[in-house]
Protein chains: 2
Amino acid sequence: MRQVAALAGVGVKTVSRVINNEPNVSAATIAKVIAAARTLDYQPDLHAGNLRRADGRTRTLGLLVSSVDNPFAGAVHRAVEDVALERGVSVFASSLDDDPDREQAAVSAFLRRRVDGLILTTVSESQAYLAPELRRGTPVVFVDREPAGITSDAVVSDNYDGAALATRHLLEREHRRVAYLGDKANIRTARERRQGFLDELGRFGVATRDVPVIEGLHDAETARLATIALFDSPTPPTAIFSSQNLVTIGVIHALRELDRHRDTALVGFDDVPLADMLEPGITVVAQNPQQIGRVAAERVFARLDGDASPAARTIIPTRLIERGSGEIPPRQEG
Amino acid sequence: MRQVAALAGVGVKTVSRVINNEPNVSAATIAKVIAAARTLDYQPDLHAGNLRRADGRTRTLGLLVSSVDNPFAGAVHRAVEDVALERGVSVFASSLDDDPDREQAAVSAFLRRRVDGLILTTVSESQAYLAPELRRGTPVVFVDREPAGITSDAVVSDNYDGAALATRHLLEREHRRVAYLGDKANIRTARERRQGFLDELGRFGVATRDVPVIEGLHDAETARLATIALFDSPTPPTAIFSSQNLVTIGVIHALRELDRHRDTALVGFDDVPLADMLEPGITVVAQNPQQIGRVAAERVFARLDGDASPAARTIIPTRLIERGSGEIPPRQEG
DNA sequence: TGCCGCCCTGACAACGATGTCATATCTAGG
DNA sequence: CCTAGATATGACATCGTTGTCAGGGCGGCA
């Protein structure tokens, strides 16, 4: 900026005024400054400005997701980015791999960079460590998972009802040996889905002790192995509810391998790419990651714009998409 | 920091020393400062420090991709992030949607935030606008697409050979009416794939004027419509080469709709999620986005570490994965 | 003509940190 | 006991920018 000022033959403050479109600069001066800035390829230093600027905004957001190459996270990320772009805000993204240490490290990295707000998919037991930052006024919105140990905005899918809906779909088709394949039980979302599943079984009077509930599945491979193990039984399930997209993919692989994909019903929680092109198509309870991301980002900006209403939980509805796999009837008992 | 210094009863410089693990601070002082920092939940302001710090590094990278919810881009992003994490570097990601204006805006946003390096999938005609930044010493690595108008490092798939390989795969199985469905011709990568396709046809002595070459396809939907149109002909193709993952998905949809998926061969460029679970499985020339991302990030850090060797083009090999769709023989002429 | 007020403009301090340098304290060796 | 040299610490300038404020020029009005 000093160089631009020197080249244009004006003071630095005048350059600052031109860059920021402040009033009370003569047209001639504006032209001189712009020309000088152009020849020097001047790019203002946003962070230096922030140091002094009144609002102290870095126009930066931090986003924490399971992994940036998970399709669900990608869709959330994209929606957040689109909302942020309208405001000239850039987005930091970080993958967690469900590692609480990484969560803390990533949040700390964001905070040191003075992000204006955080959108987090958390994996740690408690997010109490964020309390001081919240008190400082940084908006924090949780997506997909709800916070523990602190109170803040959250945008989540309707996990309980979605899981119940998927389960009901299977039970109404007379399935009784329905297996549950789920993520780690320390994830609240996973617990809610499990509860939706179990409660729905209860409503249909199915004894839950006969129902395989397999948890701690974290990626497609462990889910595949768990599914194969399930069928190594005299009474394998006639239907499967898989509680997460990677788990669903693992189940699909296993059913193919066992050639059980045409006589075992499957409903997955969260949509899976190309699910409609499989044979049978995969019936899912689809979340709406675009909406989750968009609502979360709008929430952050609303807070930044001064919304001081109490922390709210926004529930994004899920939707059952019938594609074939969920409509397979139970095998005849032999 | 001032507050920490006041609370600990020391000078700000001493706090700075403790935060940065500089030597020559007594153990007692260190303890006092750490205690004070903890009670105040002090997070150092990385950007303020950067203003004065000798190396001027923000420990930040900018990544530009087609869209963060494209699976290819997600894999690249993840690989970049993993390399960056080891160095304590955070990553900004931005989606372009093949919009040159967005490219410039995103780069400008990154530059104003003083990223240490850029990893770009470009869409504009020329990246000459980056020349001043390159001169300033900012490492710029292009991924997936090569730069035009400037010289800088690039990490790309072997587009020409990969496309030729896919085409040969079809020609060796006696297909002669092979259609090409490709992305916009102003994308260099797309042109290379087309050329690989056409040259391979030439090597097999196939007259290219009889071969449908359809370009400008940008998403699954336009590709689907183009495929359907292709079959509205007395001599529809017996095989299709689709040059990009979204195009491949569109083709898959169309072939299903037309019930032509069992008698039309298909080889796609770039892998597609769950491609192995379809019937038939989709044969693809797979890129290696993880390796592309990793190599690109390592290149950036090598440059930051002082590597001043001439700009290099790293070619990441592709791999043909046979899954069924590419091995379908030509229909008998009727 | 003289004064008020508006429009432009730049000097200067400040933002939160680090680099430089001076100074105070301590330790060891003669 | 004195001093050189190491260790520990803080005052101050500085990074690139913006907020504050003062001042110069000029037009309008009494």
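In what follows, every chain begins at residue 1, and chains take the letters A, B, ... in the order their sequences are listed. Values reported hereafter were calculated over all heavy atoms of this structure, with side chains retained and with hydrogens, waters and symmetry mates removed.
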Would you say [X] places a side-chain N or O within less than 4.0 Å of OP1 or OP2 belonging to [N]?
X       : N     : result
A/Thr29 : C/dT9 : yes
A/Ser26 : C/dT9 : yes
A/Thr14 : C/dC8 : no

- Could you tell me whether the side chain of B/Arg114 has a donor or acceptor atom within less than 3.5 Å of a complementary atom in the base of D/dG16?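 Flag unset: no donor-acceptor pair detected.
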- With a 3.5 Å cut-off and just heavy-atom distances, do the side chain of B/Arg52 and the base of D/dT14 make a donor-acceptor pair?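 It does, because a donor-acceptor pair links the side chain of B/Arg52 to the base of D/dT14 below 3.5 Å.
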Counting any heavy atom closer than 4.0 Å, what does [X] reach on the DNA or RNA strands: base, sugar-phosphate only, or nothing?
X       : answer
A/Pro44 : sugar-phosphate
A/Ala5  : nothing
A/Asn20 : sugar-phosphate
B/Asn24 : base
A/Ser16 : base

Choose from [options] the nucleotide whose nearest atom is closest to any side-chain atom of [X].
X       : options                : answer
A/Ala54 : D/dG10, D/dT17, D/dG19 : D/dG19
B/Leu51 : D/dC15, C/dG10, C/dT20 : D/dC15
B/Ala48 : C/dG16, D/dG16, C/dT20 : C/dG16

- Query: For the residue pair B/Val25 and B/Glu22, what are the closest heavy atoms and their distance?
  - Reply: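 So the minimum-distance heavy-atom pair works out to CG2-O, 3.9 Å.
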- Item | Check: A/Arg113/B/Ser90 side-chain N/O donor and acceptor closer than 3.5 Å |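 A pair is found: one side chain offers a donor N or O, the other an acceptor, under 3.5 Å apart.
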- Item | First encountered from the 5' end of DNA chain D, between A/Ile19 and A/Arg2 |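 Whichever sits nearer the 5' end wins; that is A/Arg2.
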- Query: Which residue, B/Val25 or B/Asn50, contacts DNA chain D at a nucleotide closer to its 5' end, judged by nearest heavy atom?
  - Reply: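 The answer here is B/Val25.
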- Parallel under 30°, tilted from 30 to 60°, perpendicular over 60°: which one fits the rings of A/His47 and B/His47?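 Because their plane-to-plane angle is under 30°, the rings of A/His47 and B/His47 count as parallel.
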- For the pair A/Arg145 (side chain) and A/Thr122 (backbone), establish whether a donor and an acceptor sit closer than 3.5 Å, ignoring hydrogens and angles.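 At least one qualifying donor-acceptor pair exists.
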